[in-house]
2 protein chains.
Amino acid sequence: MTVTIKDVAKLANVAPSTVSRVIADSPRISEETKQKVKRAMEQLGYHPNINARNLVSKSTQTIGLVMPSSKDVGFQNPFFPTVLQGISEGAQEKYYALHMTTGKSEKEILDAVIQMVEGRRVDGVVLLTSRVRDQVSSYLRKRKFPFVLIGKPYQDIEEITHVDNDNIRAMKEATEYLLHLGHRHIAFIGGTRELMVTLDRLDGYEKALQEAGILVKPEYIVHEEFLREGGQEAVRELMALDEPPTALVVADDFMALGVLNTLDELGIQVPQDLSIVSFNNVLLAEMSRPPLTSVDINIFELGYQATKNLILMIENDKEPVKRLIISHRLVERSSCAKYN
Amino acid sequence: MTVTIKDVAKLANVAPSTVSRVIADSPRISEETKQKVKRAMEQLGYHPNINARNLVSKSTQTIGLVMPSSKDVGFQNPFFPTVLQGISEGAQEKYYALHMTTGKSEKEILDAVIQMVEGRRVDGVVLLTSRVRDQVSSYLRKRKFPFVLIGKPYQDIEEITHVDNDNIRAMKEATEYLLHLGHRHIAFIGGTRELMVTLDRLDGYEKALQEAGILVKPEYIVHEEFLREGGQEAVRELMALDEPPTALVVADDFMALGVLNTLDELGIQVPQDLSIVSFNNVLLAEMSRPPLTSVDINIFELGYQATKNLILMIENDKEPVKRLIISHRLVERSSCAKYN
DNA sequence: ATGAAAGCGCTAACAC
DNA sequence: GTGTTAGCGCTTTCAT
């Protein structure tokens, strides 16, 4: 029924091992037999059985992807397809396949990861988001299994290869941009504090203010856990303060869109009444009104570098631990104005 | 080094086959030995090698996912993560894993699919988008390999199990909604004609107009191939016609956002000057200004049903061909007004 | 440069 | 109810 290496061997009048060598493009096979075997493969429509190959070779040429929880907001964020593009391109170039894990809870995800690692389905793993106290990364570390984290590790930062932006600096610069425009009342809107990226960006925000000698006010710091519901309310409260901010740094374009929306309802004009700097610079940023000044963090590159380096680690087990910092740049559009 | 079924067998004082039966939870094993074996597995930290299992059992418990070309606009569309959520939930429930294929060109994608099918990496495939003259679906059909298409097949519609919306009717209703509001000059903005979904929606648009006795004007039909560049221009031309439309049906929320943007630049107010009905009802639709009246097509369900039915097909090879139509509904928001 | 043979870790007859 | 055994399709020594 299914055509195996033996069938090819028979037709080509060689041993199965020779066929195997042809597949691996071994240099110790004469060009002549190579052609002969290839013709036979062609003729029979032969395709190697990957499971058999994986079983004996103890490698799979596939990379495991750990997605954020499927009921997470992150899943809806355009960040996600873009980083996937980068990962997939990095994998494709080296002929690696992609295996996905998802799950609704942290536990489901961890279980799925354990299954795929212990079951020898993958040679390495890319973690798509860095969460505080992430169990998956702890497990992989203990297991000494090759993996790369996109984002900043919660702990053991010197020992986990990761690719990240310098989010502290990036947000510091974003905040300073507003400072230079004359703003003194700048609020921060970010996602859940469970995400390392939120923590770093908050950090950068505070640093910028401190350096400028401006007091960091707790009421100016908002964490929108939910994209829609929570957000609306939070923005309303923020703008209802005795001393409302004149500018906002928002940790994500998608979030910024929601903010823009709420502001519109409140009759607050951007950038005339309020300036906004956002983050990530996804397609959305230029499609919103006003188009958002946003920090481009090179999402594609995050994914691409993560995969490239994971493959390096897989193929060379003494590849050193690396910390790859992807560059960012502020893209000015129309959501900011001078404060007078 | 790695612990195998034999090690477990030895420790538990049983035969390897018994261990295998315990894993498969065979009813012919006494509760007592089951416990004994499970303890041994626990103690040794045993995990089954999936490749070995796949090799002999000729099944993989994994589903292949065929994504749109990674350089495609579709990739950026929020449709994509949402449908993935549905797929992943359907798979998870039946303990199926997910294997992804991507590629930059149609050819790369086809090759990747052939590899994963012939290599016996997956038991079935779900195709995420339906394109005109899609080679992947032709290949799978010829190969008689289980697959489900999300969207409407280009050909052999009676012979390909697919899950789709009734896009013709949905767009017809959307158009009629505008008709009922008094609009007589309604234009259509859709994606590339390479996508079946575009064709169907265009069809529904034309049907609605015809039934209403309104002439379908070619200059009212716009296909934005590129989300940004092309779109801007197309919308401008449309609004610069001698008789510009008073309403728009747009085949996608993401596209609608771009349209909204261009209209704003042109100083055209929605819905006062122009009404818009959009499609898909992703999160974006309620975050835009004005919030978009959009046809909810139940994206999650598309993915979920596709996977569920694929698994049925995998597990029962005489499962009949099915055509699953997912319901839709118009969600009214603020992008439409009566025409006076 | 090529062949023979062992075995990767598992399942599934077939015995008993 | 459990053990024995023969592969699944491939790669990889070890010969020659």
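Side-chain atoms are counted along with the backbone in the values below, which use heavy atoms only and exclude waters and symmetry mates. Predicted, not measured: the structure shown is a model, and the values here were computed from it.
Checking side-chain atoms of B:E108 against main-chain N and O of B:K104 turns up a donor-acceptor pair under 3.5 Å. Under the 3.5 Å distance criterion, the side-chain polar atoms of A:T33 are left unmatched by any main-chain donor or acceptor of A:I29. Side-chain atoms of B:N309 come within 3.5 Å of backbone N or O of B:Q305 as a donor-acceptor pair. Between the B:N165 side chain and the B:I326 main chain, a donor and an acceptor come within less than 3.5 Å of each other.
Using a cutoff of 4.0 Å between basic side-chain nitrogens and carboxylate oxygens, B:E118 and B:R143 are scored as salt-bridged.
Below the 3.5 angstrom threshold, one finds a donor paired with an acceptor across the side chain of B:S17 and the base of D:dT4. Side chain B:R21 to base C:dT11: no donor-acceptor pair is found below 3.5 Å.
Between A:P16 and A:E31, the one whose closest nucleotide on DNA chain C sits nearer the 5' end is A:E31. DNA chain D is contacted by both A:I50 and B:P27; B:P27 maps to the nucleotide lying nearer its 5′ end (nearest heavy atom per residue). Residues B:N51 and B:R28 each lie close to DNA chain C; by heavy-atom proximity, the contact nearer the 5' end of the strand is made by B:N51.
Ranking D:dG9, D:dG3, C:dC10 by closeness to the B:T18 side chain, first place goes to D:dG3. The A:I5 side chain lies nearest to D:dC10 when the options are D:dC10, C:dA1, D:dG3. When distances run from any side-chain atom of B:T33 to the nucleotides D:dT2, C:dG3, D:dG9, the shortest one goes to D:dT2. Each of C:dC10, D:dG9, D:dT2 was ranked by its minimum atom distance to the side chain of B:N49; first place goes to C:dC10. Closest to the side chain of A:V56, out of C:dC8, D:dC8, C:dT2, is C:dC8.
To the nearest angstrom, C1' of C:dG3 lies 13 Å from CG of A:N13. Taking atom CG of residue B:N54 and atom C1' of nucleotide D:dG7, one finds them 16 Å apart after rounding to whole Å. Atom CD in A:E118 sits about 17 Å away from atom C1' in C:dC10, given to the nearest Å. Summarising the geometry, the separation between NZ on A:K6 and P on C:dA6 is reported as 13 Å, rounded to the nearest angstrom. Atom CD1 in B:I29 sits roughly 13 Å away from atom C1' in C:dT11 (whole-Å rounding). B:Q61 has its CD atom 15 Å from the C1' atom of C:dC10, to the nearest Å.
Distances shorter than 4.0 Å separate some side-chain N or O of B:T2 from OP1 or OP2 on C:dG9. At the phosphate of D:dG9, OP1 or OP2 sits under 4.0 Å from a side-chain N or O atom of B:K58. Phosphate contact (OP1/OP2 of D:dT2, side-chain N/O of B:S30, threshold under 4.0 Å): present.
Note: A:I160 CD1 to A:S138 OG = 7.5 Å, rounded to the nearest 0.5 Å.
Applying side chain to side chain contact (heavy atoms under 4.5 Å, CB included) to B:Y46 and the options B:T2, B:I23, B:D7 leaves one that passes, B:I23.
Side-chain atoms of B:E93 and B:Y304 include a donor-acceptor pair closer than 3.5 Å.
By the 30° and 60° cut-offs, the orientation of the rings of A:F80 relative to B:F80 is parallel.
Among the atoms of the strands shown, none is found under 4.0 Å from any heavy atom of A:D7. Counting any heavy atom pair closer than 4.0 Å across all strands shown, A:S20 reaches a base atom. Across all strands shown, A:V14 has heavy atoms under 4.0 Å from sugar-phosphate atoms exclusively, and none from any base. Residue contacts shown for A:L55 include a base, since a base heavy atom lies under 4.0 Å away. Counting non-hydrogen atoms under 4.0 angstrom, A:R53 reaches the backbone sugars and phosphates but no base.
An end-to-end axis angle of 30° holds for the helix from C:dA1-D:dT16 to C:dC16-D:dG1, taken from five base pairs per end and rounded to 10°.
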